[in-house]
Amino acid sequence: MEHIKCLIIGSGPAGYTAAIYASRANLNPVLYEGPQAGGQLTTTTEVENFPGYPDGVEPFQMMDDMRRQAERFGTIIRSGIVTKVDFSVSPKRITIEDTEEVEADAVIIATGAAAKYLGLPSEREYKGRGVSACATCDGFFYRKKTVAVVGGGDTACEEAAYLAGLCQKVYLIVRKPYLRASQIMQKRVLETPNIEVLFEHNTLRLTGDGKVQGADLVYRKGETDEREVHIDIDGFFLAIGHHPNSDLFKDYLECEEQGYIKTIAGTPLTNVAGVFAAGDVADPHYRQAITAAASGCKAAIEADKWLKTKGE
Ligand code: NDP
């Protein structure tokens with residue numbers, strides 16, 4: 001069985017930053033990319049808030065830069081999804097794609113988080129046929145069409161603004177009477193002429209013959225002026241938040257109620273010695289590329305410290 005000194009799971013800013021630091025510390029890291037190489041960031045349009053890019057940067061470019069930086073110092077990057085772990089043994093056992101097993105002294109988990117769906121039966125029915133959780137990935141298919149985005153946070157506003165550049169019209173379906181997004185994103189959305197914000201609306205169902213052609217919404221549910229509203233749309237984009245990709249580790253690691261891996265405050269240390277958690281999988285609050293990168297750095301430093309105390 002292959003023996004790895006420091007194994008990193010995930011290829012977002014946390015995973016790549018951990019890889020840069022671990023390889024520079026001679027930990028010979030091996031990084032498994034997971035299902036989405038480059039992580040969640042690759043589903044956004046432009047990164048404007050990562051220091052060092054004064055003119056903004058295209059997310060694929062930024063992740064490619066991080067990947068190359070990790071490889072430059074010797075990180076081995078492999079495509080592949082970790083499907084099972086056993087943290088009860090030392091070294092830890094990790095299974096890739098249900099077939100290959102490797103062992104690792106230290107493990108850095110940087111598996112990020114995944115988009116949430118509303119849970120409507122029609123949402124599942126039309127998945128891939130008009131329902132998407134990634135405007136950057138799928139917006140292209142809706143050029144000059146009408147789409148709806150659900151959510152009132154920064155992601156929803158960013159996706160709506162992106163889609164407004166491609167589509168004829170964008171509805172933003174917001175369940176509250178206000179947006180939760182940052183002021184700058186709210187302003188951008190409210191000032192874009194082809195975005196119509198539907199405050200206090202919830203989606204009841206999607207309609208259409210084999211693909212999304214419309215949505216039935218309810219306005220002010222439970223109030224005296226409650227009414228149903230129908231909109232004609234070709235695409236329905238979810239932007240209502242994320243849940244952490246931690247299911248694989250729950251038998252061994254303590255997690256918060258929402259699934260985020262518990263770490264000792266301000267550190268990437270989990271309840272299992274030699275297992276570290278970095279980035280969105282352990283961060284319900286900040287969830288930024290820069291905070292994820294910083295926690296990846298901390299995880300590699302802690303892994304190095306832990307390996308040295310073990311005499312590895
Ligand atoms: P948020 O949790 O901030 O927002 C989720 C939105 O979805 C809220 O408006 C919420 O409504 C709504 N929502 C949740 N569940 C439902 C539901 N079942 N039905 C209808 N609406 C629902 O998530 P985001 O992904 O927008 O942002 C996550 C974090 O990432 C934030 O801290 C954000 O600032 C940050 N971010 C930063 C960006 C940047 O700086 N460029 C870009 C994108 C995100 P309600 O308000 O009623 O709870």
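In each ligand, atom 1 is the first atom listed, and ligand 1 is the first ligand listed. Values in this document were obtained by computation on a predicted structure and should not be read as measured data.
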Colleague: Using a 4.0 Å heavy-atom threshold (strictly under), name the region of Lys116 that reaches ligand 1: side chain, backbone, both or neither.
Modeller: neither
Colleague: Report the part of Thr203 (side chain from C-beta onward, or backbone N, CA, C, O) that has a heavy atom under 4.0 Å from ligand 1; answer both or neither where that applies.
Modeller: neither
Colleague: If you take the nearest heavy atom of each of Arg175, Glu159, Glu158, which one is closest to atom 11 (O) of ligand 1?
Modeller: Arg175
Colleague: If you apply the rule ring pair (Phe, Tyr, Trp, His ring centres under 6.0 Å), what do you find for Phe73 with Tyr21, and how did you get there?
Modeller: CA-CA 9 Å; Phe73 298 109; Tyr21 276 76; 9.6 Å; no
Colleague: Hey, which atoms in ligand 1 end up nearer than 4.0 Å to a heavy atom of Asn49?
Modeller: 39 (C), 40 (O), 41 (N)
Colleague: Can you sort out which atoms of ligand 1 are near Lys176, meaning under 4.0 Å from one of its heavy atoms?
Modeller: 45 (P), 46 (O), 47 (O), 48 (O)
Colleague: One residue to check: Leu179. Relative to ligand 1, which of side chain, backbone, both or neither has a non-hydrogen atom less than 4.0 Å away?
Modeller: neither
Colleague: Quick one, Pro91 and His3 - any side-chain contact, counting heavy atoms below 4.5 Å?
Modeller: yes
Colleague: Counting only heavy atoms not in Glu226 (residues, nucleotides, ligands), do more than 12 fall under 6.0 Å from its CD?
Modeller: yes
Colleague: Please confirm whether Arg143 makes a cation-pi placement over Phe141, using NZ or CZ under 6.0 Å from the six-membered ring centre and within 45° of the ring normal.
Modeller: no
Colleague: Less than 3.5 Å between some nitrogen or oxygen of Gly152 and one of ligand 1, yes or no?
Modeller: yes
Colleague: For the pair Trp306 and Phe276, name the ring-plane relationship: parallel under 30°, tilted 30 to 60°, perpendicular over 60°.
Modeller: perpendicular
Colleague: Under 4.0 Å from a heavy atom of Leu118: which atoms of ligand 1 are those, numbered in the order shown and with their elements?
Modeller: 17 (C), 18 (N), 19 (N)
Colleague: Atom OG1 of Thr207 and atom CD of Gln213: how far apart are they, to the nearest 0.5 Å?
Modeller: 7.0 Å
Colleague: Which of the atoms of ligand 1 are close to His242, meaning less than 4.0 Å from one of its heavy atoms?
Modeller: 25 (O)
Colleague: Going by the order shown, which atoms of ligand 1 are within less than 4.0 Å of some heavy atom of Gln288?
Modeller: 30 (O), 35 (C), 36 (N), 37 (C), 40 (O)
Colleague: Just which atoms of ligand 1 are under 4.0 Å from any heavy atom in Thr155?
Modeller: 24 (P), 25 (O), 26 (O), 27 (O), 43 (C), 44 (C)
Colleague: Measure from NZ or CZ of Arg227 to the centre of the six-membered ring of Tyr219 and say whether it is under 6.0 Å with the direction within 45° of the ring axis.
Modeller: yes
Colleague: Please determine whether the number of non-hydrogen atoms from other residues, nucleotides or ligands lying under 6.0 Å from atom NZ of Lys221 exceeds 12.
Modeller: no
